[in-house]
Number of protein chains: 2
Amino acid sequence: MSHVQNIKAASAVCYGRHEPDTRSPLIRKLEAFVFLSRQDRTALEQLSAGARLVEPRTDLQRDGEMATDAVLVLDGFACRYKHRVTGDRQILAYLLPGDLCDVDAPHLGRMDHAVGTLSTCLVARISRETLATLMAQQPTVARALRLAKLAEEATAREWLVNLGTRSAAERMSHLFCELLTRLEAVGLAEDDGCKLPITQLDLADTLGLSSVHVNRTLQELRSRGLVELRGRSLKLRDLPSVRALAEFSPAYLRPAH
Amino acid sequence: MSHVQNIKAASAVCYGRHEPDTRSPLIRKLEAFVFLSRQDRTALEQLSAGARLVEPRTDLQRDGEMATDAVLVLDGFACRYKHRVTGDRQILAYLLPGDLCDVDAPHLGRMDHAVGTLSTCLVARISRETLATLMAQQPTVARALRLAKLAEEATAREWLVNLGTRSAAERMSHLFCELLTRLEAVGLAEDDGCKLPITQLDLADTLGLSSVHVNRTLQELRSRGLVELRGRSLKLRDLPSVRALAEFSPAYLRPAH
DNA sequence: GTGGCGAGCTAACCTATGTCGATACGAGGC
DNA sequence: GCCTCGTATCGACATAGGTTAGCTCGCCAC
């Protein structure tokens, strides 16, 4: 089965067949922040038009180039990242289905980091004109996007705490809790588990660890009965314990609540 | 000499006596981004009214509370930080003279981190009404503040790279380069040196290291002839080498340039 | 089928950094 | 001038995590 088919199957599961909720992930996400009118939703639906499948490990915005338009992820995992001249990579943020990134690209000059896919992704590019019109005509949507941005900033702060103060197992648990919570919000998680279409090397570059140590830590969490990661699917076997280990509290993902 | 007198003396040195440039640090900072009209500058000057001296290690905004107004630092070092339940502290960002923080406090609900002084600081609190009026009446200032915010976000990304991928010596060098560059922009650095009114423990909590290791690293940098930190003043003895070690490039501090 | 390749996994060894405990030093309070 | 307390500093030791080098397995191309 090809990547493309994989993705289509996954989407089918998420958006329609088993799930009565047919809202797009972007709308689901924003409706966690604000109440959207029918027009708001219609306007948002239109952003998905022209979405395209993108191969894994493909840049969506290159470091150092002008940011032209915003990127909307509809399926798959993407990330912001930076490369050091040594070749090291640090992942700065995950872009999950429903995430609309670089809303204020227009202000921006050159990108100070890159954006790229981790897995195969379904993404739509939104021109700055489209975005400007949307923000002007649907103030509620504009407000929701601002709140989403605040959540992104709060997440960056959590990551700083993660990298600066937590042990490997704690860091990893925290990341898993965060991803699970965010995916739940867009209907892509159930039963304390979700798809995690990324490699251990990606995890390493997220957590500031070596891939060997990511592996070790994963085994440790598994043997403690906390977390299982097999194939590309993640399951938190003992959510309360994982949360406690990570000192995870989801409040930062819901600003102004 | 008391703290208060120390600060007053420092301010005198910076703003007037030896320096022909009498602009406030906020105006200096923003003028690096945009051209300010006379009215813009007058409006900004008024923000400093009612500034007060605050003791070191005093919270300006507490974690978990509603953010009421914005905080403008006129002198001294403050920071954003978070405490873990273990007691560990992670410093998330430095607030230097000229920094106006939480411009969009109004959107915010509860703070997800705290803001506090590191040294004695001269700070002004700006109510959200004052801020709203300013942003509405001086669009150029509003634009400059948005750019400053972008720089803050870019800085957070750099810090993630720092904590995630760099060694102790590299991290510390990077931080020093950043602080020097930012202080230069507001006229508080000269000759590759500046005041650094913080303890090694503060540095440790910034860099995700133990204070013992901060000390060791400092010695190493000193013995290599790169950096000297004595008393509360920092000197980069060999700026090119320090920059190279840190892979520091100041571009991220000047978005849209 | 075979070969190649990326990802996961393991083991052995190494080192950067943390921890603990003691000492030294400098500034402010009395 | 002495005491105290927060810092800075130092040495000895412990350990989390890095590095290197394999080996395996599943998937895809040919």
Side-chain angles (χ1 to χ4, degrees), chain A residues 1-6 55-58 77 84 86-90 118-120 162-173 196-223 227-234 245, chain B residues 1-7 55-58 77 84 86-90 117-120 162-173 196-223 227-234 245:
Chain A
M1 199 198 270
S2 78
H3 271 135
V4 172
Q5 287 170 322
N6 265 329
E55 291 288 296
R57 287 149 206 292
T58 310
F77 276 40
R84 288 184 54 192
T86 55
D88 288 351
R89 173 181 65 154
Q90 176 66 43
L118 293 168
S119 68
T120 302
N162 228 14
L163 291 176
T165 73
R166 287 198 250 260
S167 72
E170 292 168 341
R171 278 184 223 185
M172 191 174 290
S173 304
L196 198 70
I198 65 179
T199 70
Q200 294 188 0
L201 223 156
D202 294 328
L203 281 177
D205 290 347
T206 305
L207 300 171
L209 301 169
S210 69
S211 64
V212 174
H213 201 62
V214 163
N215 190 289
R216 280 198 278 252
T217 307
L218 234 20
Q219 319 254 6
E220 182 202 329
L221 293 179
R222 189 178 309 156
S223 77
V227 163
E228 220 151 298
L229 178 57
R230 281 190 336 278
R232 296 277 126 117
S233 90
L234 172 71
L245 177 61
Chain B
M1 200 195 270
S2 77
H3 270 135
V4 173
Q5 287 170 324
N6 263 330
I7 285 290
E55 291 289 296
R57 290 151 204 292
T58 310
F77 276 39
R84 287 184 56 193
T86 56
D88 289 351
R89 174 181 65 154
Q90 175 66 44
T117 58
L118 293 170
S119 67
T120 301
N162 228 13
L163 291 176
T165 73
R166 288 198 249 259
S167 72
E170 292 168 342
R171 277 184 224 184
M172 190 174 289
S173 304
L196 198 68
I198 65 179
T199 70
Q200 293 187 2
L201 222 157
D202 295 329
L203 281 177
D205 290 346
T206 306
L207 300 171
L209 301 169
S210 69
S211 64
V212 174
H213 200 61
V214 163
N215 190 289
R216 280 199 277 253
T217 307
L218 234 20
Q219 320 251 6
E220 182 203 329
L221 292 178
R222 189 180 309 157
S223 77
V227 163
E228 220 152 300
L229 178 57
R230 282 190 335 278
R232 296 277 126 116
S233 91
L234 172 72
L245 177 60

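Order of the sequence lines sets the chain letters (A, B, ...), proteins ahead of strands, with each chain counted from 1.
In this entry the distance linking CE of A/M172 with C1' of D/dG17 reads 12 Å, nearest Å. Counting to the nearest Å, the P atom of C/dA16 and the NE2 atom of A/H213 are 17 Å from each other. Residue A/L163 contributes atom CG, which lies 19 Å from atom P of D/dA16 at whole-angstrom precision. What separates CG of B/L218 from C1' of D/dA8 is a distance of 10 Å, to the nearest Å. One interatomic measurement links the two molecules: CG of A/L221 to P of D/dG17, which rounds to 12 Å at whole-angstrom precision. In this structure, the CG atom of B/D202 is 13 Å from the C1' atom of D/dA8, given to the nearest Å. Distance, A/R232 CZ to D/dC27 P: 11 Å, rounded to whole Å. In this structure, CD of B/E220 is placed 18 Å from P of D/dA8, rounded to the nearest angstrom.
Residue contacts shown for B/G231 are absent, as no nucleic acid heavy atom lies under 4.0 Å away. In this structure, A/R171 reaches neither bases nor backbone, as no heavy-atom distance under 4.0 Å exists between it and the strands shown. Looking at heavy-atom distances under 4.0 Å, A/R230 makes no contact with the nucleic acid at all.
Candidate nucleotides C/dA7, D/dA8, C/dC9 were compared by shortest atom distance to the side chain of A/T199, and C/dA7 ranks first. Here the side chain of B/S167 is nearest to one of C/dT17, D/dT9, C/dC9, namely C/dT17.
The shortest distance between side-chain heavy atoms of B/L163 and B/R171 falls below 4.5 Å. Contact check for B/T199 versus B/R232: side-chain heavy atoms found under the 4.5 Å cut-off.
Residue B/Q219 places none of its side-chain N or O atoms closer than 4.0 Å to OP1 or OP2 of D/dA8. The shortest distance between the side-chain N/O atoms of A/R216 and the OP1/OP2 oxygens of D/dT15 is not below 4.0 Å. Between A/N215 and C/dG8 there is no side-chain polar atom (N or O) within less than 4.0 angstrom of OP1 or OP2. Under 4.0 angstrom from either OP1 or OP2 of C/dG8 there lies no side-chain N or O belonging to A/R222.
Remark on DNA chain D: of its neighbouring residues B/L201 and A/S210, the 5'-side contact belongs to B/L201, judged by nearest-heavy-atom nucleotide.
Here the closest heavy-atom approach between residue A/L221 and residue A/A169 is recorded as CD2-CB, 4.1 Å. Smallest separation of non-hydrogen atoms from A/L245 and A/E170: O-CG, 3.5 Å.
Atom-to-atom distance recorded for B/L207:CG and B/T217:OG1 is 8.5 Å, nearest 0.5 angstrom.
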